[in-house]
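Working notes, beginning with the structure itself.
Just so you know, ligand 1 is whichever comes first in the structure, and atom 1 is the first atom listed for that ligand. Just so it is clear, the model here is predicted, and its values are computed rather than measured.
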Amino acid sequence: MKIHEYQAKELLGAYGVPVPTGTVAETPEAAEAAARAYETCVVKAQIHSGGRGKAGGVKLAHSPAEAREIAAGLLGATLVTKQTGPAGKQVHKLLITEAVAVKKEYYLSITGDSERAGLVIVASAAGGTEIEETAKTHPEQIVQVPVSVLMGFRRYEGLETAHRIGIPAALEQDFIRLLADMTRLYLEKDCSLVEINPLVETEDGRLLALDAKVNFDDNALLRHPELAALRDIAEEDPKEYRASQYDLNYISLDGNIGCLVNGAGLAMATMDIIQKFGGQPANFLDVGGSATAEKVTAAFEILLSDPNVKAILVNIFGGIMKCDIIAEGIVAAAAKTGITVPLVVRLEGTNVDRGREILRQSGLNIIPAADMADGARKAVEGARGGAAQ
Ligand code: GDP
Ligand code: MN
């Protein structure tokens, strides 16, 4: 789960990390009122994406009137950043924050490291909006310091990081404390990323988190009911949100063949074989091992709500779940949702004969597939508008 910058800063602040003051505004008037607290302020679009600065979503205002003007331009506008994709994200909230005189920008984050089975501090003296470019062109400028997940953060790991990115000696202790606080937040709230970019050294010699990103591990959210309040559904793909309500593992993709599969491995293989036959999957969807008719119906509705979907490939292996139950679910869902695109179904496994019989007798225009390759080929043809039967 992702949250907004202002929420990430509140959390970091609560853990002891120094953050600039700020106020959230949802109207130009509120932005103007908030800006009265400052001589100069920064108006920042709150969307679940980085790269806002380069997209015009972070602007300096020298007066409350200017803040109001900038806010009027940003609210309701769509920002297209490197991370949003071409559709961009609409701005509903702004953060009005004190403008800080910056001496130096660093990059600092902590994240999971599956290779080392632990955590890793990622840091750089070349912080700021060019960090992704730096990672590509000068990877040696990005420093990694592993942290044991069992021992937790150690001061010497902080000192090593400080030395390697050139934190001034006078700020070393503050830097180590800041890293300790970040790590505590990471572990206590089951994060997948805590990132400060830029972490700045101010002209008056302090460390300050000028931007912040905190992502949480979705699988651990049930341990943190307090985090549910931070969720902003307006920022999420509506299809992915609906899928999460039905406990479906769904990820939106750019292609035009909707996939409905049970099991993550089979779902991956299905996406591969669609591409092998020249098609592009519109989604990853694993309905899980215990899909009910209700879940299958929800899955169909989600697939059909995507205007890009020109054909659907159902690829089910009935193991724990029986093929006849799945077939009944498909028929019920197809009848309820009124599928208008070619529907290719490949069923295999327990009670497969009864399952195929149910599909045949349903009177629905279902295109049966003999195996995965046959199913993928027919789905690709169907999406192209060809006669797949
Ligand atoms: P991002 O582009 O989405 O990562 O948004 P940031 O919050 O990182 O803002 C982009 C850039 O704006 C930062 O990297 C800073 O260089 C600059 N910036 C943001 N706030 C301030 C500020 O208070 N003072 C100064 N001097 N620069 C700022
Ligand atoms: Mn940033």
Criterion salt bridge (Lys or Arg N to Asp or Glu O under 4.0 Å) on E301 and R242, from CA distance to verdict: CA-CA 10 Å; E301 282 170 356; R242 285 222 48 211; 3.7 Å; yes
Audit row: Y38, T40, side-chain hydrogen bond (donor to acceptor under 3.5 Å, both in side chains) steps and yes/no: CA-CA 5 Å; Y38 311 108; T40 318; over 6 Å; no
Worked verdict on D272 versus K276 for salt bridge (Lys or Arg N to Asp or Glu O under 4.0 Å): CA-CA 6 Å; D272 282 352; K276 182 175 146 66; over 6 Å; no
Distance-only check: which donor-acceptor pairs under 3.5 Å involve side-chain atoms of residues 90-101, not counting sequence neighbours?
from : atom 1 : to  : atom 2 : distance (Å)
Q90  : NE2    : G76 : O      : 3.0
K93  : NZ     : Y6  : OH     : 3.2
T97  : OG1    : T21 : O      : 2.8
E98  : OE2    : T21 : N      : 2.8
E98  : OE2    : T21 : OG1    : 3.2

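Distances from the Mn ion (ligand 2) under 2.8 Å pick out these protein N/O/S atoms: N197 O, D211 OD2.
Checked options E133, E130, E132; the residue passing with K54 is E130 (criterion: salt bridge (Lys or Arg N to Asp or Glu O under 4.0 Å)).
To the nearest 0.5 Å, atoms CD1 (I312) and CG (L304) are separated by 4.0 Å.
By the 6.0 Å and 45° rule, K104 stacks over the aromatic ring of Y106.
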Nitrogen or oxygen contacts under 3.5 Å, ligand 1 side and protein side:
from     : atom 1 : to   : atom 2 : distance (Å)
ligand 1 : 2 (O)  : R52  : N      : 3.2
ligand 1 : 2 (O)  : G53  : N      : 2.7
ligand 1 : 3 (O)  : G51  : N      : 3.2
ligand 1 : 3 (O)  : R52  : N      : 2.9
ligand 1 : 3 (O)  : R52  : NE     : 2.7
ligand 1 : 3 (O)  : R52  : NH2    : 3.4
ligand 1 : 4 (O)  : D211 : OD2    : 3.1
ligand 1 : 5 (O)  : R52  : NH2    : 3.1
ligand 1 : 7 (O)  : K44  : NZ     : 2.5
ligand 1 : 7 (O)  : R52  : NH2    : 3.3
ligand 1 : 7 (O)  : D211 : OD2    : 3.4
ligand 1 : 8 (O)  : N197 : O      : 3.2
ligand 1 : 8 (O)  : D211 : OD2    : 3.1
ligand 1 : 16 (O) : E105 : OE2    : 2.4
ligand 1 : 23 (O) : V100 : N      : 2.9
ligand 1 : 24 (N) : V100 : O      : 2.8
ligand 1 : 26 (N) : V100 : O      : 3.2

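Criterion: ILVMFWY side-chain heavy atoms under 4.5 Å apart, direct or through other members. Under it, V296 and I366 are part of a common hydrophobic cluster.
Every residue was checked against the side-chain contact (heavy atoms from CB on, under 4.5 Å) condition with P368, not counting sequence neighbours, and none meets it.
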